[in-house]
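Have a look at the structure below before the remarks.
Note that this is a predicted model, so its numbers are computed, not measured.
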Amino acid sequence: FLRLDADGMVELRHQRGAVVRRLTRRDITELFEIRERLEGLGAALSAANVDAPGNREWLQAARKSWRNDELTSNALKHMEENVGLHRGIILMGGNQRLMRILEPLQMPGYRMQFLQLLDDKRRSASATQHIAIIDAMLAGDENKAEKLMREHVRNAGKLAKQIPGL
C-alpha cells in the first residue's frame, strides 16, 4: 500500500485502511501530458528498431489488423487491440525502463468509461491514426512516428477529460 500511496493511486487513512483515490480532470491532463511525450519516444525508438528480427512482421500484422472493420464497429475489441498495439510499440522500442514507467500511467480503472466515449467515428479516426503511426515506423521515420504518436495520445487525452465524474 505504501507504493500505491506514493504513486497517488490510494490514500492511506490512519486506522481505516486504504481508499482508492479518484482521478481528477487535472490528474488526467497530467497523465496524458506525460504519456504523450513517453509514447512518442517509444514510437521513435520502434521506428529505429524496425529491422530487428520480427519487428517489421509484427508491425505489418498490426497494420492489417487495424484495417479490419471489426475494430471500428466493436468498441471492446478496439480497446483490447489498442492496449496491445501501444504496449507492443513500447516493447519493440527495446527500452525496458520506458515500459516500466508507462505501465502505471495506463489507467485501467477508467478504460470502461473511456470506452463509452468511443463512438464509431472516433474509433475510425483512431484506427486511421494507428495505421499512419505504423506506416511511419515501417518507413523507419523516427521523427514522423514520434510526431504522429504524440498527436494520437494528445487526442486520446482530450477525450479522456470528458469522462463523466472527473
Say you draw a straight line from CD1 of I134 to CG of L148; how long is it, rounded to the nearest 0.5 Å? 11.5 Å
Checking N82 side chain against M79 main chain: does a donor-acceptor pair fall under 3.5 Å? no
Pairwise side-chain contact, I90 with L45, heavy-atom cut-off 4.5 Å (strictly under): no
Checking the side chain of S46 only, and the main-chain atoms of G42 only, is there a donor and an acceptor separated by less than 3.5 Å? yes
Using a strict cut-off of less than 4.0 Å between a Lys/Arg side-chain nitrogen and an Asp/Glu carboxylate oxygen, indicate whether E151 and K147 qualify as a salt bridge. yes
Is the backbone N or O of E70 less than 3.5 Å from a side-chain atom of N74, with the two atoms forming a donor-acceptor pair by type? no
Does the side-chain contact (heavy atoms from CB on, under 4.5 Å) test come out yes or no for D135 and K144, once each step is laid out? CA-CA 9 Å; D135 287 345; K144 187 172 183 180; over 6 Å; no
Could you tell me whether the side chain of R35 reaches within less than 4.5 Å of the side chain of E30, counting heavy atoms only? no
So, R154 and E33, do they make that salt bridge, N to O below 4.0 Å? no
Above 12 or not: heavy atoms from other molecules or residues under 6.0 Å from CD of Q96? no
Between S124 and D120, is there a donor-acceptor pair closer than 3.5 Å when you use the side chain of the first and the backbone of the second? no
Treating N68 as the side-chain partner and L71 as the backbone partner, does any N or O pair qualify as donor plus acceptor under 3.5 Å? no
Got M92 and W58 here, is their nearest side-chain heavy-atom distance under 4.5 Å? yes
Residues H78 and H130: side-chain donor-acceptor under 3.5 angstrom: no
